[in-house]
Amino acid sequence: MKSINKYDVKDFIFEKGIALDWNALKIFIAIYQHRTLVNAAKSLGMSHTTIYRRLNEFEAEVGRLFERLNGQYELTELGEEMMVHAQKVNLSVEDIERNIAGKDTQPKGIVKITAPSSFAYRDLPEHIAKLSMLYPDIQLELLVTELELSMTNRKADIAIRVTSSPPEHLVGREIRRIKWGVYANSEYETKYGKLNDLSDLANHRLIGATGLLSNHPAYLWLEKKNSASIGLRTDDLVAMSALANTGHWLAILPEDLANKELQCLLKFDPIADNQLWILTHPDLRKVERIKVVMKYLALALSEPKSIENTG
């Protein structure tokens, strides 16, 4: 087929029926967003060879959309024009999908929950198991990440997040506040002496933070006040909790990270409490299965064991 010029891209998309080949447009957009076929394939859950074949078929139909430069895919002039209209189609299709989902009236189907590792490993498994028994027609997917996943294109339906400023494009509510404390295994003070107040930290064995975690106010404070006493660092709160449980270090942790072997020796009040939120996209909040899961998890996570007293 003859390649198209930039001035008739819009007409070509809608009059020739390319908009009906939604998979081709999704692949086109994914390659633009991720710049490589491998990453685009991962984002769509498709194989690299499928992406390559579908792109070649699409370009054979409409013209060359990408230049291959040093392993990266960059839009041609035609590709730039096509992208403007493809993204409009993308938004329209996503609106339709969410509106259709919003008409669901039965608690059944897939619900994708995204949560940070601290909740995914410790709090959620028991609650998810009970939820699955109560609503066997709801299929749950747990996505473990600190990153914000797009709820516009349904990569996630419900987000559990620790944040003081939830994204404005999402709706939900604060579940509870989470306090911080200085934690240690019950053996620690026997081995290394009693901790009387925060000024005592300089005389103790401390776990600090590294990586992205080092930017958290709690660990910035610790680094500023007691860097000389930090003998160990980690970039993960779950790992920090496990390291403190060995009985050889103190750790500043939010209370949800404390396991049953850890004791709170002191409150840590130089920083504000964490805020735990449960969030979804406005178009999904009336979907019955999402309403059910959000209500259940909000109650389950609001206070320890609170869900066991509900019918």
Side-chain angles (χ1 to χ4, degrees), residues 22-23 25-27 29-30 33 39-47 50-51 90-163 166-167 169-173 175-176 238 256 276-311:
W22 176 227
N23 283 332
L25 284 180
K26 283 200 298 185
I27 289 169
I29 292 170
Q33 291 174 334
N39 290 337
K42 287 180 181 178
S43 73
L44 295 173
M46 301 171 71
S47 70
T50 298
I51 291 283
N90 181 23
L91 291 173
S92 297
V93 171
E94 288 172 353
D95 284 342
I96 292 170
E97 289 176 342
R98 289 198 308 275
N99 287 332
I100 291 173
K103 298 182 185 303
D104 289 350
T105 58
Q106 299 297 319
K108 62 181 180 181
I110 297 173
V111 177
K112 300 177 182 180
I113 305 165
T114 172
S117 59
S118 57
F119 284 91
Y121 299 158
R122 298 167 54 83
D123 297 78
L124 287 177
E126 181 180 356
H127 299 316
I128 286 176
K130 291 179 180 178
L131 181 58
S132 296
M133 288 187 286
L134 286 173
Y135 299 96
D137 291 331
I138 296 178
Q139 303 165 44
L140 298 171
E141 296 183 9
L142 179 58
L143 311 173
V144 184
T145 179
E146 303 281 351
L147 302 176
E148 181 183 343
L149 297 182
S150 174
M151 293 189 179
T152 301
N153 59 16
R154 304 291 304 282
K155 287 185 178 179
D157 300 312
I158 296 172
I160 295 169
R161 286 289 178 263
V162 176
T163 178
H169 64 279
L170 301 181
V171 295
R173 67 184 182 91
I175 301 173
R176 64 184 170 100
V238 177
D256 61 291
L276 181 63
W277 288 77
I278 188 163
L279 303 160
T280 190
H281 192 281
D283 290 345
L284 300 178
R285 59 182 169 180
K286 293 184 180 180
V287 177
E288 188 63 22
R289 66 183 181 275
I290 293 174
K291 282 170 57 180
V292 165
V293 174
M294 286 191 72
K295 183 177 180 181
Y296 188 95
L297 292 180
L299 181 58
L301 297 172
S302 61
E303 292 292 343
K305 306 293 185 182
S306 63
I307 199 66
E308 296 183 353
N309 298 322
T310 65

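Residue indices begin at 1 and follow the sequence shown.
- In terms of the side chain to side chain contact (heavy atoms under 4.5 Å, CB included) criterion, residue partners of E141 (sequence neighbours excluded) are, by chain and number, I110, K112.
- Counting only heavy atoms from C-beta outward, the side chains of V293 and Y135 never approach each other to under 4.5 Å.
- Here the closest non-hydrogen pair linking Y296 and H127 is CE2-O, 3.5 Å.
- Separation of atoms CD1 (I128) and CG (L142) is listed at 4.5 Å; rounding is to 0.5 Å.
- The side chain to side chain contact (heavy atoms under 4.5 Å, CB included) test applied to V238 returns S117, S118, Y121, D236, L257, not counting sequence neighbours.
- Of all heavy-atom pairs between I175 and A298, the closest is CG2-O, 3.4 Å.
- One finds the CD1 atom of I160 at 9.0 Å from the CG atom of D123 (value rounded to the nearest 0.5 Å).
- Residues passing the side chain to side chain contact (heavy atoms under 4.5 Å, CB included) test with P166, sequence neighbours excluded: T163, W277, L279.
- The CG atom of L170 sits 10.0 Å away from atom CZ of R161, with the distance rounded to the nearest 0.5 Å.
- In this structure, NZ on K108 lies 12.0 Å from CD on E288, to the nearest 0.5 angstrom.
- Side-chain contact between I158 and L284 is absent, with no heavy-atom pair separated by less than 4.5 Å.
- Taken from CZ in R173 to CG in L276, the straight-line distance is 10.0 Å, to the nearest 0.5 Å.
- Side-chain contact between I278 and L301 is absent, with no heavy atoms from C-beta onward closer than 4.5 Å.
- Side-chain N or O atoms of R289 include none that pairs as donor or acceptor with a backbone N or O of V111 at under 3.5 Å.
- For V171, the side chain to side chain contact (heavy atoms under 4.5 Å, CB included) test picks out T280, P282, R285, with sequence neighbours left out.
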Distance-only donor-acceptor pairs under 3.5 Å for side chains of residues 39-47, two or more places apart:
unit_1, atom_1, unit_2, atom_2, d
N39, ND2, T36, OG1, 3.3
S43, OG, H34, NE2, 3.4
S43, OG, A40, O, 2.7
S47, OG, T49, OG1, 3.2
S47, OG, T50, N, 3.1
S47, OG, T50, OG1, 2.7

